[in-house]
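To start, the structure itself, in structure tokens.
Just so it is clear, the values below take in all heavy atoms, side chains as well, and ignore hydrogens, waters and symmetry mates. Note on naming: letters A, B, ... go to the chains in the order of the sequence lines (proteins, then strands), and numbering restarts at 1 for each one.
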Amino acid sequence: MSDSLVDLARDSSAWPFQEARDLLEKRLGGKKPEKGYVLFETGYGPSGLPHIGTFGEVARTTWVRRAFQVLAPDMPTKLFAFSDDMDGLRKVPDNIPNKEMVRQHLGKPLTRIPDPFGTHESFGHHNNARLRGFLDSFGFEYEFKSATECYASGMFDHALKRVLECYDEIMAVMLPTLGAERQATYSPFLPVCPRTGVVLQVPVIHHDADAGTIVYVDPETGEKMETPVTGGACKLQWKPDWGMRWYALGVDYEMSGKDLIPSVDLAAKICRILGGTPPKNLSYELFLDDKGQKISKSKGNGLSVEDWLKYAPEESLALFMYQKPKAAKRLFFDVIPRAVDEYIAHVDSFHGQDDKGKFNNPAWHIHHANPPKGTSPLSFGILLNLVGVANTDDPDVLWHYIRNYAPDASPEATPFLNKLVSHAIVYYNDFVKPTKQFRKASEAELKALTDLRNQLKAAPAGAGAEELQNIVYEIGKAHAETFPGLRDWFKAQYEILLGQDQGPRMGSFFALYGVDKSVELLDRAIAGDDLGA
RNA sequence: GUGCCCGUAGCUCAGUGGUAGAGCAUUCGACUUUUAAUCGAAUGGCCGAAGGUUCGAAUCCUUCCGGGCACACCA
């Protein structure tokens, strides 16, 4: 039984299984690594707060890891979330307080810059905490690794000495990739200035593999400085750093955006020079905005995680990230409802599928083999329409409409639908409500509305939707010269009372909205108040 | 120039060797009285082009065509 599951997983065309299979067979040769576990890694830049790409990368890496665990259940795995918190800060980020204070520390490792937020030991620690909080909020399993700690603790010492031993070979790989200016000053080692604490980009004038040191000239004092490369006294330039880290930690799998393909190649070469085997890499496509432009934080286009989660549950974002990592996808508001509905469809089909089908179902991956039993009897698309048409941001009113369609649905019985209702309301408030355009009633329309107001007022207490609908209908007929077709009467009500050109069955609306409140609404319309205010 | 991705219905896209699909749009019908929703049905594709492999190709290979993106430094 378990054998056949392994076979199915091996043959599965789902990309996490394909990645896991390649990792197991090509990278590992089917054998457990000597370090005793298979290591997955995701990396984070120094200035970056967690963003939607971070989520995507960790989610995707986790899926490969889960798939791998099915293929090789007897091999332990780990996922390192590695923070480059020893990188020198290059420019002051826009979105932080105390910019002037931070400016005075430019060039220093992030972990040696005071926290501008004042909540942590350093700026680096602050960002790390944000990263961890972000990852934890999704329940990702990982081990956090800090570059600063790895360097300072001596964990990288052996590998750093190897870099020094292979100095010339590494320079020979790096130099041809650099412009002439950079070639003149390039060194894989960046000494941390003992005087100022700044990570220096200076030429190395001498290196001594036996002593484990390099010599450089302090750019301000002109003094020749000799420093060990170990123990945190030097940091590596990032491409050698990446290759060194793969070698030092024995990273078996790491994915990265396609803009990093040349860097991955270089880092892999360096890793091999050191005597290691580079990880299996997956280059995923970048995200585009609605106009097909690359999404970048500086441009501020595209969509943030917070934006997405405001309008839809995180499962839908996970599904979006699952789909076709190698195809460029547009990431903007309009893709959200579709992602939700496809998520629902996948979960609903899951439980009727055989094992092969389940392995191919995104829901298997998103939910770690255990998708929930039920989701929502209504699609998100329908719900969004409903919210717009029903013209309300009151969940209770919405549930009345929903029960017309799905009598068994309730906030308790269908919790996922309940979440969707909340999201749909936010969507309504942000996207539908602002587009409302109320118009004033004409003289003739005013007469009809006044009739309506008076008859609603006079309606027996507890009048139902049908009864109210009949009142509305009769008034429309009574004012036939104003409204040649009943359609015109209803259209007028939508435009004047609801600020939209379509709407709900008015009898139902008045019943749900409440006759008293409806009368108030009509009073305001008759008085000529601006209902959009 | 190098590399990657995409090209399937009007639109947005699923579909990695076995009878071409979904959603939206359009048209018609139902919901014993408006609209919308909902439900049912219909319409709609030479799967970018040409070769090749195969009993069989949207799918695999080759070459084109068209569109997009990445590739100094920094990360």
Whole-Å [atom1] distance, [N] and [M]:
N: C60(B); M: C47(B); atom1: P; result: 16 Å
N: U16(B); M: C61(B); atom1: C1'; result: 14 Å
N: G48(B); M: C65(B); atom1: C1'; result: 7 Å
N: G45(B); M: A9(B); atom1: C1'; result: 5 Å
N: A30(B); M: C46(B); atom1: C1'; result: 37 Å
N: G66(B); M: A49(B); atom1: P; result: 15 Å
N: U33(B); M: U26(B); atom1: C1'; result: 27 Å
N: U62(B); M: U53(B); atom1: C1'; result: 11 Å

Donor-acceptor contacts, no H, no angles, side chain residues 319-326 of chain A, under 3.5 Å, sequence neighbours left out:
residue, atom, partner, partner atom, Å
Tyr322(A), OH, His365(A), NE2, 3.4
Gln323(A), NE2, Glu342(A), OE1, 2.9

> Does a sphere of radius 6.0 Å around CG in Asp94(A) hold more than 12 heavy atoms from other residues, nucleotides or ligands, not counting ones at 6.0 Å or beyond?
Replying inline: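 For Asp94(A), atom CG is not crowded (no more than 12 foreign heavy atoms under 6.0 Å).
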
>> For Glu149(A), I'd like to know if atom CD has over 12 heavy atoms of other residues, nucleotides or ligands within 6.0 Å.
In response: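 Result for CD/Glu149(A): open.
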
Which nucleotide sits closest to the side chain of [X]: [options]?
X: Asn470(A); options: C74(B), U33(B), C73(B); answer: U33(B)
X: Thr177(A); options: A75(B), C71(B), C73(B); answer: C73(B)
X: Leu286(A); options: A75(B), C5(B), A70(B); answer: A70(B)

> Does the ring of Phe189(A) carry Lys235(A) above it, NZ/CZ under 6.0 angstrom from centre and within 45° of its axis?
Replying inline: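 No, cation not above the ring by the 6.0 Å, 45° rule.
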
>> Check whether Phe82(A) forms a cation-pi arrangement with Arg245(A) (NZ or CZ under 6.0 Å from the six-membered ring centre, at most 45° off the ring normal).
In response: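 Yes.
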
[X] has an atom [atom1]; how far is it from atom [atom2] of [N], in whole Å?
X: Lys235(A); N: C74(B); atom1: NZ; atom2: C1'; result: 12 Å
X: Tyr473(A); N: U35(B); atom1: OH; atom2: P; result: 11 Å
X: Leu468(A); N: U33(B); atom1: CG; atom2: C1'; result: 16 Å
X: Ile475(A); N: U34(B); atom1: CD1; atom2: C1'; result: 14 Å
X: Glu285(A); N: G3(B); atom1: CD; atom2: C1'; result: 11 Å
X: Lys239(A); N: C71(B); atom1: NZ; atom2: P; result: 11 Å
X: Leu282(A); N: C4(B); atom1: CG; atom2: C1'; result: 12 Å
X: Asn127(A); N: A75(B); atom1: CG; atom2: P; result: 16 Å

>> Any base atoms under 4.0 Å from Leu260(A), or only sugar-phosphate, or nothing? Heavy atoms, all strands.
In response: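 Result for Leu260(A) = base.
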
> When all nucleic acid strands are considered with a 4.0 Å heavy-atom cut-off, which category describes Trp489(A): base, sugar-phosphate, or nothing?
Replying inline: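 Counting heavy atoms under 4.0 Å across all strands, no contact is made by Trp489(A).
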
>> Applying the 5.5 Å / 30° rule, does Phe490(A) stack onto the base of U35(B)?
In response: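 No, aromatic ring not over the base.
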
>> Regarding Glu445(A) and Ser442(A), do their side chains bring together a donor and an acceptor under 3.5 Å, going by distance alone?
In response: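 Judged by distance alone, the side chains do pair up.
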
>> Does either side chain, that of Asn281(A) or that of Ser283(A), offer a donor lying less than 3.5 Å from an acceptor on the other one?
In response: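 Ser283(A) and Asn281(A) do have a side-chain donor-acceptor pair below 3.5 Å.
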
>> The criterion is ring pair (Phe, Tyr, Trp, His ring centres under 6.0 Å); which residues satisfy it with Phe490(A), sequence neighbours excluded?
In response: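 Checked Phe490(A) against ring pair (Phe, Tyr, Trp, His ring centres under 6.0 Å); zero matches.
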
> A36(B) pairs with which nucleotide, Watson-Crick or G-U wobble, both distances below 3.5 Å?
Replying inline: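 Result: none.
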
Base [N] paired with [X] side chain (donor-acceptor, <3.5 Å):
X: Gln469(A); N: U34(B); result: yes
X: Lys258(A); N: C71(B); result: no
X: Tyr494(A); N: U35(B); result: yes

>> To the nearest 0.5 Å, what is the distance between CD on Glu41(A) and CH2 on Trp242(A)?
In response: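 Answer rounded to 0.5 Å: 8.5 Å.
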
Below 3.5 Å between N/O atoms, which protein atoms pair up with nucleotides 10-16 of chain B? Just atom names and distances, please.
residue, atom, partner, partner atom, Å
U12(B), O2, Arg338(A), NH1, 3.3
C13(B), O2', Arg338(A), NH2, 2.6

